[in-house]
Amino acid sequence: MEKYYKLRSLAVLFIAVLMIAGLSQDVGAAKDNILRIAFDSGDTKSMDPGRSFGTQDMALQDMIFNGLLRYKPGDISVIETDLAERYEVSGDGMAMTFYLRKGVMSHPFKGYPDGIELTTEDIAYNIKKNQDPKTSTYSSTYMNFEAEIIDKYTIKIKLKERMVQPELFFTDYRGGFVILKKAFETIGALRHNTSPVGTGPFKVDKYIPGQKVILKAHDKYFRGKPKLDAVEALFMPDINAREFALRKGEIDVMEGMREQPWIEKMKKVSIVEIFGPGEINHLNFNVSRKPFDNKKVRQALMYATSRDELLTFVGADAADPMCSIIPPFMKGGLSCDDIAKKGLLYKHDIEKAKKLLAEAGYPNGFDVEETITERLSYRRSMENIQAQWKKVGVNIKLNVVDHATYHTKIRQDVNPFTMYICMRPNADIFLSWFFHSDAIVVSGKRPVTNFSHYTLVDDLIIKARNETDSAKQEEIWRQIQTKLLEDGINYPMYVLKFVFARNDRIDWGFEQKAVLALYTQINEQTSLKK
Amino acid sequence: MKNDILLEVRDLHTHFYTDEGLVKAADGIDITIKKGKTLGLVGESGCGKSVTALSIMRLIQEPPGKIVKGEILFDDQNLLKLSEAKMRHIRGNRISMIFQEPMTSLNPLLRCGNQIAEAISLHQGVSNRDARAKAVEMLQKVGIPDPEGRAREYPHQMSGGMRQRVMIAMALSCNPELMIADEPTTALDVSIQAQILALMNQLKEEFGASILLITHDLGVIADMAQSVAVMYAGKIVEYVDVVRLFDNPMHPYSVGLMESIPKMDEVVPEDKILRTIPGVVPSLYNLPSGCYFQERCNEAFDACGKKVPPLIEIEPGHLLRCWKYGQQ
Amino acid sequence: MIKYSIRRILLTIPLLLVVLSMVFVFVRLAPGDPAMAMLGQYATQEGLDALRKQMGLDAPMWLQYLRFLGDLLRGDLGVSMLNGVPVVDQLRVVLPYTLELTVSAMVLGVLLGVPMGVYTALRRNRSADYSGRVVSLVGISIPSFFLGILLLYVFSVRMDLFPVLGAGRDGDLGDRLYHLVLPTLSLGLIMTSYIMRMTRSSMLNVLNEDFVRTAKSKGLQERIVVYKHAFMNALIPVVSVLGIYFIINLGSSIMTEIVFSRPGLGKLMVLAMKQRDYVVLQSVMVIYATLAIFINLFVDLIYGLIDPRIKYG
Amino acid sequence: MLNDLRRKQLRVFLRNRIAVVGFFLTLLLILIAFFAGYVAPYDPNEQNVYSRLTSPDLKHWFGTDSYGRDTLSRVIHGSRISLAVGVCSIIFGMVIGSLAGMFAAFDRGKIGNLIMRAVDVMMCFPAEIFAILFLVMIGQGMDKLIFAIGVVMAPRFARLSYGTTLSIREREYIEAARALGAKRPRIVLKHIFPNILGEILVMCSLWTATAIRVEANLSFLGMGVPPPTATWGNMVRTGVSQLTNAPWLSIFPGLAIMVAVLAFNLIGDGLRDVMDPKLQQG
């Protein structure tokens with residue numbers, strides 16, 4: 001019986017300890033000079049610029065690395081120099097010369113407590129690394145470059161084939177981020193994934209897998225010492241946890257939900273930042289697959305889709321309508337008004353859709369199986385389309401897979417139509433990756449993302465790429481888009497903007513208008529109010 | 001005369017309230033146990049013997065059981081009126097009990113010595129060490145070899161006979177005036193049975209205790225008891241000393257019981273098989289009106305179906321519940 | 001006892017081996033391409049092939065299996081397919097969180113469940129017993145994530161009493177405990193229900209045992225009968241199922257870690273599952289199974305210690 | 001005699017008020033699931049942009065989700081998945097598990113031993129982990145979920161039937177049947193199976209509760225039946241993100257899971273009381 005009383009008192013003690021532990025804590029994080037940002041992701045895949053594609057990866061790289069050039073912080077419409085002091089493009093557009101800034105020091109690393117100076121040798125090494133499929137995800141693009149070191153601070157980069165805006169591949173974006181040869185070789189590729197060495201305003205201090213990366217200010221940053229002491233990047237794939245954490249002041253800024261109700265809710269308790277340019281959500285019909293080989297079926301489904309309804313779902317704040325694959329703010333883009341003038345708007349019209357289906361031999365519609373990712377931005381829209389098409393008798397059976405599997409599957413050509421959300425730097429890349437026959441998934445010469453198996457604009461794409469007169473070039477790009485819509489190949493729905501919520505302590509140091517890589521940038525100007 | 005009576009049970013009614021209905025397990029029991037003597041309580045399984053024993057100990061589980069009526073006079077005090085604390089002082093101290101199942105009646109987690117010592121230190125107020133010494137002494141008394149070593153063993157390390165000896169040692173450890181033995185040998189091998197019974201007899205003499213011996217085995221009664229109460233369906237049907245019962249059983253049920261014992265000194269003819277009592281014990285949920293035994297009784301007549309016969313003394317010291325003898 | 005222990009310990013070895021093989025086979029048979037998961041939407045065919053080779057995915061299955069076992073023997077669980085972090089390092093970080101959560105939930109379950117089970121058994125068929133039975137039935141019926149969400153909603157969102165995020169600062173015990181309260185409650189209350197039910201029925205069984213009657217016939221006080229004789233015996237079956245309960249607890253902790261956004265094995269596993277990180281996935285599964293096996297071993301050894309029938313068997 | 005026993009058991013069951021509540025609850029759930037199409041006020045997948053995230057009112061008793069779908073209708077249709085997966089996987093698990101267990105108990109040779117060792121191994125994993133292991137391998141979907149959970153539950157049935165069969169095996173009438181030259185399958189089906197059926201049925205209802213919970217857990221982790229099919233676990237999972245402004249999205253399906261699991265547990269408890277006379281006596 002003694003034992004029993006002992007047990008009971010132990011239980012009471014246990015609860016008491018928990019309670020006291022609970023009450024003695026002050027809620028919320030300490031008000032230190034550390035910015036805490038939470039990403040919609042379970043972890044970073046890699047902080048190596050050659051090996052990344054998640055938003056969280058690029059947001060981290062943006063703090064750690066620099067490019068030769070950069071998009072002006074918070075504004076992609078302006079390209080300015082970064083590591084390069086200045087640069088020249090040759091008259092024929094087939095070579096670029098970069099002149100490096102002198103005295104750019106890297107983060108300290110093993111054996112080099114003061115870091116090392118960046119030279120053109122590093123730039124050349126970067127290009128080589130980016131060309132190797134073993135070390136880079138972007139090898140097919142960088143294959144086109146060849147580096148020639150002139151001196152320690154001057155490097156000439158030649159193109160093998162003509163390219164539209166080749167300098168874009170040397171900006172602070174993906175493969176454009178510069179790593180240091182010596183550091184990469186010293187610490188090894190593997191460790192470089194999680195403790196990379198760059199020249200940016202922040203250096204990786206500690207990486208805790210599945211939890212966070214702690215970045216400390218890089219005192220010798222060439223633009224000056226950052227105002228923040230450190231940045232903690234937390235991986236919190238659960239929107240709820242992020243939201244709670246923000247409300248309780250445990251974090252300062254979080255990746256939000258790209259949806260109107262959430263935005264409105266959060267506007268009441270925090271500052272919501274919505275910025276572009278965003279990603280284009282579009283459907284690509286697979287013309288090699290029955291019944292989508294029938295133009296009337298494709299057009300019918302375009303009529304059956306209400307862009308307005310899709311937009312209402314996402315919400316006015318988070319999305320803008322898109323009527324053509326190249327957005328109007330990009331060279332060669334078309335606005336909805338332009339499309340309307342051409343009469344290619346495919347304005348929602350169920351009767352017309354039914355009529356077209358009947359003409360095509362499907363008066364009662366048909367059933368179709370479709371694979372979709374579980375990622376909400378895709379799934380939400382796909383489920384809405386599922387509900388819309390049901391009204392014309394087209395039943396979509398959805399197989400939901402995780403996002404990585406989705407990318408595998410769509411490249412195996414499983415889908416009769418494919419939803420894709422992305423941004424590309426220019427019209428040439430958009431068009432050639434999605435509609436050039438070389439890029440056809442599985443069977444193409446260099447398979448990329450031509451899910452529609454469309455082959456009829458190859459000539460036009462090449463013609464535009466080789467056109468040196470930029471007005472004529474844009475005209476050809478517009479011509480391609482018109483043809484795509486006429487043939488009912490691609491149905492652009494909307495541009496999905498980026499949503500972050502934050503507290504009022506943050507002063508970014510610049511205005512976040514449009515960021516290409518889809519995250520709130522944090523740099524040396526960023527500070528926290530006390 | 002009165003002074004030699006140790007325990008007197010008067011009109012004891014113990015009922016069980018079950019899902020199936022009311023069960024009158026003890027339905028007006030009257031028994032008397034004299035000092036230093038052994039009373040045998042016989043009857044088929046389920047006739048209420050154990051309930052009577054447990055009622056005396058006041059160990060009936062409540063609910064569903066309840067002692068609804070009666071008196072149990074032990075040393076001139078009515079046990080049913082005692083407080084629980086006072087009753088505890090009697091249990092294990094002045095009245096102790098030995099159970100049927102030696103395999104399960106000992107706590108498997110405690111050493112045998114401790115289980116005996118527990119009662120000793122409780123009732124005799126001695127130190128733990130003395131209690132343990134006494135326990136070893138008791139183990140020796142019940143004929144356990146190496147009592148020191150055995151005291152440190154756990155029940156599962158002992159045989160059934162050994163365990164029953166431990167139970168007896170436990171029961172006798174506080175010099176009780178009354179020992180209730182509920183089928184103490186049923187679960188044991190025949191050879192061990194005899195040893196245990198002999199032991200009980202010997203110790204009874206030594207300690208001067210009385211025994212209430214519950215059994216369905218008339219052979220055991222013949223060896224141990226001075227008087228016998230025959231029980232049937234919750235009632236005593238015959239109460240008499242052992243000699244008279246064996247020589248001249250009067251109640252048809254007792255007669256039946258007697259005839260079902262194989263007699264060693266008689267040669268059973270080939271064509272004559274052992275006699276049994278026909279029929280089954282009536283369900284206690286659904287007793288017949290009148291004499292409970294009537295359905296199995298080959299001497300039953302009209303009166304038996306009408307009223308339960310009373311227990312009457314048909315000759316000095318011989319009580320009987322049967323219309324055949326006690327007809328008014 | 002020693003013989004029993006050795007036998008019991010030796011038995012776990014083939015068990016572990018089979019578990020390991022099973023995990024390996026299952027994970028290898030899974031669809032989805034880790035190389036694709038790693039390279040993402042810009043992957044090229046050459047890139048994929050090169051990466052597969054680098055990760056050893058092009059080797060025949062049996063070779064991969066031998067490598068897997070060999071590495072395990074050397075305590076090398078490989079590196080994450082996604083970011084090259086050694087899995088051992090990742091596990092070292094998350095394992096303590098999962099352990100502190102599951103163990104504290106178990107402790108809470110025992111400390112609350114056992115006394116409540118005894119109490120309701122002693123008050124059989126009275127109102128305390130009935131309400132205890134209903135509450136514990138609800139307890140074993142409520143999914144851990146739902147209980148977690150309710151606790152989170154009430155105590156963190158509405159009442160603002162507890163934090164919502166993570167597991168607290170390293171090295172700050174108070175903070176760690178503070179973050180542990182709600183997750184422990186959401187797992188521990190479920191464990192309490194299980195243990196309480198088991199204790200109650202075990203206690204009821206024991207109270208009907210002959211030796212309890214024997215103890216009463218000795219004139220022992222009710223409390224001593226209940227706690228010294230009945231309770232200790234009733235505890236044995238309870239202890240013997242603690243291993244099974246711990247496995248249930250371990251399974252539920254996955255959801256709890258997700259709800260409370262706590263680092264831990266479960267969170268790591270779900271992430272690895274989504275990213276097709278086979279190395280991490282198989283390691284986490286191996287750890288879960290190993291944990292379960294060792295907890296069972298531990299429970300069995302304890303069981304042997306308290307039950308003399310095994311100790312001196 | 002047997003009939004008497006059954007009638008007595010039925011009486012005991014009916015006297016157990018908690019169990020009767022469970023029985024009617026289950027019956028209600030099954031009816032709702034069966035007639036979901038008639039009971040549900042709306043089409044569970046019909047979206048309505050203009051009534052999104054409305055809180056519970058007379059039109060939508062359980063509110064609507066961020067697609068404007070009626071939560072009540074989705075909860076009602078979700079019962080189909082939960083019950084179907086729970087019941088089917090248990091039937092599947094019971095059949096393969098008890099057969100394997102009975103066989104192992106009867107065989108006691110190498111194969112039987114192997115089966116029981118395999119059972120030990122499978123019992124090492126938490127149910128969710130083991131199911132995930134399977135789902136990772138075979139992919140997602142309702143049929144696969146039933147298969148995975150069935151396999152997860154099978155070892156329990158195997159252990160149960162192994163134990164019971166072993167104890168029955170030695171009884172006289174089996175010996176007698178064997179002496180009469182009955183073949184093994186016949187013995188198993190004719191003599192052993194009917195004898196262990198009672199115990200198996202009790203555990204069936206308790207383990208259906210477990211299976212429903214496991215299904216909900218898997219759904220919650222995103223490994224269940226894929227959307228837009230409404231499943232309770234899925235609904236909680238997506239609803240959690242709106243916990244602060246639309247708690248009904250996660251609370252109602254969560255409650256539904258709890259009630260369903262509870263109902264089966266109640267029945268199982270009641271049945272166990274009926275089967276175990278020791279516990280119900282007194």
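Quick caveat: nothing in here was measured; it's all calculated off a predicted structure. Proteins come first, then strands; the chains are lettered A, B, ... in the order of their sequence lines, and each starts at number 1.
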Around B:Glu148, counting heavy atoms of other residues, nucleotides and ligands shown, do more than 12 lie under 6.0 Å from its CD? no
Between B:Glu153 and chain C, with a heavy-atom cut-off of 4.5 Å, which part of the residue counts as in contact: side chain, backbone, both or neither? neither
Could you work out, with ring-ring contact (aromatic ring centres under 6.0 Å, His included) as the rule, every residue matching C:Phe146, not counting sequence neighbours? none
What part of C:Ile236 gets within 4.5 angstrom of chain B, counting heavy atoms only: side chain, backbone, both, or neither? side chain
Side-chain polar contacts of residues 53-60 of chain B - donor-acceptor pairs under 3.5 angstrom, sequence neighbours left out - could you list them?
unit_1  : atom_1 : unit_2  : atom_2 : d
B:Ser55 : OG     : B:Thr14 : OG1    : 2.9
B:Ser55 : OG     : B:Val51 : O      : 2.6
B:Arg58 : NH1    : B:Leu79 : O      : 2.8
B:Arg58 : NH1    : B:Leu82 : O      : 2.8

Residue pair B:Arg88 / C:Gln221, side-chain heavy-atom distance below 4.5 Å: yes
Do the non-hydrogen side-chain atoms of B:Asn107 and C:Met232 ever get within less than 4.5 Å of each other? no
With a 4.5 Å heavy-atom cut-off, do B:Met170 and C:Thr214 have their side chains touching? yes
On a heavy-atom basis, which atom in B:Ala119 and which in C:Lys218 lie closest, and how many Å separate them? CB-CD, 3.7 Å
If you take all heavy atoms of B:Pro108 and C:Pro308, which pair is closest and at what distance? O-CG, 3.2 Å
Derivation of the side-chain contact (heavy atoms from CB on, under 4.5 Å) call for C:Asp210 and B:Phe99: CA-CA 8 Å; C:Asp210 291 343; B:Phe99 295 96; over 6 Å; no
Under 4.5 Å to a heavy atom of chain C? For B:Met87 that would be neither
Here the gap from C:Glu209 atom CD to B:Ser105 atom OG, rounded to the nearest 0.5 Å, amounts to 9.5 Å
Quick check on B:Gln195: does its CD atom have over 12 non-hydrogen neighbours (other residues, nucleotides or ligands) under 6.0 Å away? yes
In Å and rounded to the nearest 0.5 Å, what is the CD1 to OG distance from B:Ile95 to C:Ser217? 11.0 Å
Rounding to 0.5 Å, atoms CE (B:Met97) and NZ (C:Lys216) come to a distance of 12.0 Å
Would B:Glu118 and C:His229 count as having a side-chain donor-acceptor pair, cut-off 3.5 Å? yes
Toward chain C, the part of B:Leu109 with a non-hydrogen atom under 4.5 Å: both
Quick one: what part of B:His89 sits under 4.5 Å from any heavy atom of chain C, side chain, backbone, both or neither? neither
